[in-house]
Amino acid sequence: MAFPRVFDVNKLIVGGVYLAAYAVLDWISFIGPYAHLGITPWNPGTGFSFALVLLFGQRMIPFLLVSPLVADFLNQQFTMPWTIEVLSAALLGGGYSIALAILLRPNFRFDPTLTSMRDLILLMAVAVVGAAVVASGYVGLTVAGHQLPMEDFWAATLHYWVGDVIGITVVAPFALFALTRRRMLPLTMETALQFVAIGLALALVFGLAQERQFQLFYVLFLPIVWLAVRTGLEGVSVGILVTQLGLILGIQLSPAGTFDVTAFQALMLVLAATGLVAGALVTERRRTEAQLRLQQESLSRLSRLGSMGELAAAVAHELNQPLMAAGTYTRLVDDAMTSGNTDVRVVAETAKKAVAQVERAAEVVRHLRALVRLDRSSRAPYRFERIVQEMIELCQPDLDRAHVTVQTTLAAGLPQVMVDLLQIEQVLINLVRNAIEAIGESGSPHGSVLIDAKPVDADFIEVRVVDSGPGFPPQFLESAFLPLSSHKAEGLGIGLALCRSIVEAHGGQLWLDDSSHGAAIRFTLPIAKTDER
Amino acid sequence: MTAPIHIAVIDDDEPVLDSLRLYFARQSIEASCFASAKDFLAAIARGDRFDCVVSDVRMPGMSGLDLVHRLKSEGLAAPVVLITGHGDVDMAVAAIKVGAFDFIEKPFDEARLLASIRDAIENKRQPANDGTELEKLRSRLNSLSARQRQVMDLAVAGLSNKEIGSRLKISPKTVENHRAWVMERIGARNIADLVRIAMQIQGKP
């Protein structure tokens, strides 16, 4: 059975880094232990273990089993008989491994990169339940081993539970985001102010701590909520970690016994949970808004495409009329000649009419360019990269359905082109759709389209579109631009003729290339001059 | 041979109209030509009557579809055969549904148009009001596979093979095969026939 995993990196390297980090975190967080046992107010290592398995897969679980032993050995915290040490390490690693294995079961559809509120809640639920089981088991073990009196069971379990849950809540989301997001915080003045606010709140909490103990703790909610609202889940996870580190530092710097550390951590837990949930809400709302915007954009683009479709239909109509009349006239001539019952003058007259209609069709083709409404005002400088990107997005559903991929090789520093965005997008869409159809008709299960672009001189860039289909039929290469010689019922000829008309209207040229593999089309587009920008 | 036929031909394109006029003249059919639906309706108002009306669908002013509506509302019995261009099939299917007799896609062979006109006048394909006939059609329809039925429903809705293919995620070629099979089973000669038969079976006017 294949378990989901986000990263696929060498297991031993990741494991080694994890063990070292776990030991360091364990050492840093070893403050204010409960009795002489390794029960500390916060266990960041546990959060780290969660992130390890969630991102690198269940193959990392063996490291969870040894990490407590390694850390205790390095930090020389073997305070209990070795049997209890080994058993407790097994309980710790084993307990969380089972919890994580459950979380990663396919039917939970848990996304380890925490993309939704649901994922966050699932993670917190598993943390709360898993830590409760591990904490009671661990404390039970120490009681059974006569390391702790029975009457301390509940208090010790509570300490342990709070420490682990806070470790997971503070460290796991931060680590998950840090490793999967390109950027967690916007680098703005506001972000700086938010962290200054965290610092001020901490100073207030500890500065006035002698008189007021926990009463001022709630000031810490302000910067966290600020961060959540403005930066979402990723940003608030940084704020929570910084706050937690500040709290631990403050406690360390205060005279021993000033604080009930576990009570402090319980408050911190509430703060972290509130911040994360608020952040998740904000992130989800933003995502919904972005999706809405995207849908609106694609809707308006679709309607633009619709109007281009109408143009093609109008062209077809313009051509059909003379074609039909020419056909009828010619058949009349044929009929008259074969039946023998002929008035030569009438026949000649009819034949002339047929010729006039053929000329009319040719005129339509010549004036196709005029049909592509040439409104120069809609031309503007565009980055060709952007045009290609938009075109790929528009064609994505068709591409996916046909299993066709688009590869682009655009020269670095390609100058901007002076074009009508819609029309050039339409040219590319036409070419790519032709390629998809050609690949589909060749019976190939998948294929590719290569688009490359480079400047040819000071005035033009050249674009090439090559597909992996069977290429143009030989006779097509000669006649492609007579729309009357459409290769297919769908009118590839008209499409290509339109493409050429659009390119020519821009002052460029379009050629069919005799490529050894697949159909190749080249065309040029004018470079935007600086004075036009 | 047959009784003299008097038809009306409506098309906004002068050469198309002229070529049809010559063609019908050669077939000894009296054809009155009109450059617009409005001119034609004016003739009707003067009391002219025709055995059959041949009309373009896409025209400035009143379209072929509007014309079918109009004739129906005025209770004129003359059957209408529509001429459609590329991409107007959905409009033509809509016209069949409101009572047009047939439609023919441009560019076409005049012989095909003439056959349709004769059928229309002889009222050959009058709805099979006969219960047993309808029953037979129903059982033929039921013998179609689910996929064939889907293709038929979409074709009757006026979609092209290409559109049906992308809707059902099959190739246009496969759609064509299904479609040919459906036509064969149902006994439809063309898409217009299919639309009419589908309407009869569903009990619509």
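Lettering of chains follows the sequences in order, A, B, ..., and the numbering in each one begins at 1.
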J.: Can you tell me if CZ on A:R109 sees more than 12 non-hydrogen neighbours from other groups inside 6.0 Å?
T.: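 Counting neighbours around CZ of A:R109, 12 or fewer heavy atoms of other residues, nucleotides or ligands fall under 6.0 Å, so no.
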
J.: Would you find more than 12 non-hydrogen atoms of other residues, nucleotides or ligands less than 6.0 Å from B:E184 atom CD?
T.: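 At most 12 heavy atoms, drawn from other residues, nucleotides or ligands, come within 6.0 Å of this atom.
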
J.: Just jot down the side-chain contact (heavy atoms from CB on, under 4.5 Å) partners of A:D334, sequence neighbours excluded, or say none.
T.: A:T338

J.: Tell me, out of A:K353, A:R331, A:Q357, who's got the most heavy-atom pairs with chain B below 4.5 Å.
T.: A:R331

J.: So which of A:A336, A:P322, A:S339 has the largest heavy-atom pair count under 4.5 angstrom toward chain B?
T.: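 Maximum pair count with chain B is reached by A:A336.
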
J.: Between B:D18, B:L20, B:L17, B:I83, which residue shows the highest count of heavy-atom pairs closer than 4.5 Å to chain A?
T.: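 Most heavy-atom pairs within the cutoff with chain A belong to B:D18.
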
J.: Report the distance from atom CG of B:L22 to atom CD of A:E349, rounding to the nearest 0.5 Å.
T.: 9.0 Å

J.: Measuring heavy-atom distances to chain A, does B:D109 have an atom under 4.5 Å in its side chain, in its backbone, in both, or in neither?
T.: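 For B:D109, the contact with chain A is made by backbone and side chain together.
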
J.: Heavy-atom cut-off 4.5 Å, strictly under: side chain, backbone, both or neither for B:K173 against chain A?
T.: neither

J.: Taking side-chain contact (heavy atoms from CB on, under 4.5 Å) as the definition, give me every residue that meets it alongside A:Q389, ordered by chain and number, with sequence neighbours left out.
T.: A:E393

J.: Is there a side-chain contact between A:V346 and B:R26, using heavy atoms and a 4.5 Å cut-off?
T.: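 They are not in side-chain contact.
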
J.: How long is the straight-line distance from OG1 of A:T350 back to OH of B:Y23, given to the nearest 0.5 Å?
T.: 14.0 Å

J.: Considering non-hydrogen atoms only, spot the tightest contact between B:E110 and A:T328 and give its length.
T.: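 That would be OE2-OG1, 2.7 Å.
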
J.: With a 4.5 Å heavy-atom cut-off, do B:D12 and A:Q321 have their side chains touching?
T.: yes

J.: Around B:R167, counting heavy atoms of other residues, nucleotides and ligands shown, do more than 12 lie under 6.0 Å from its CZ?
T.: no

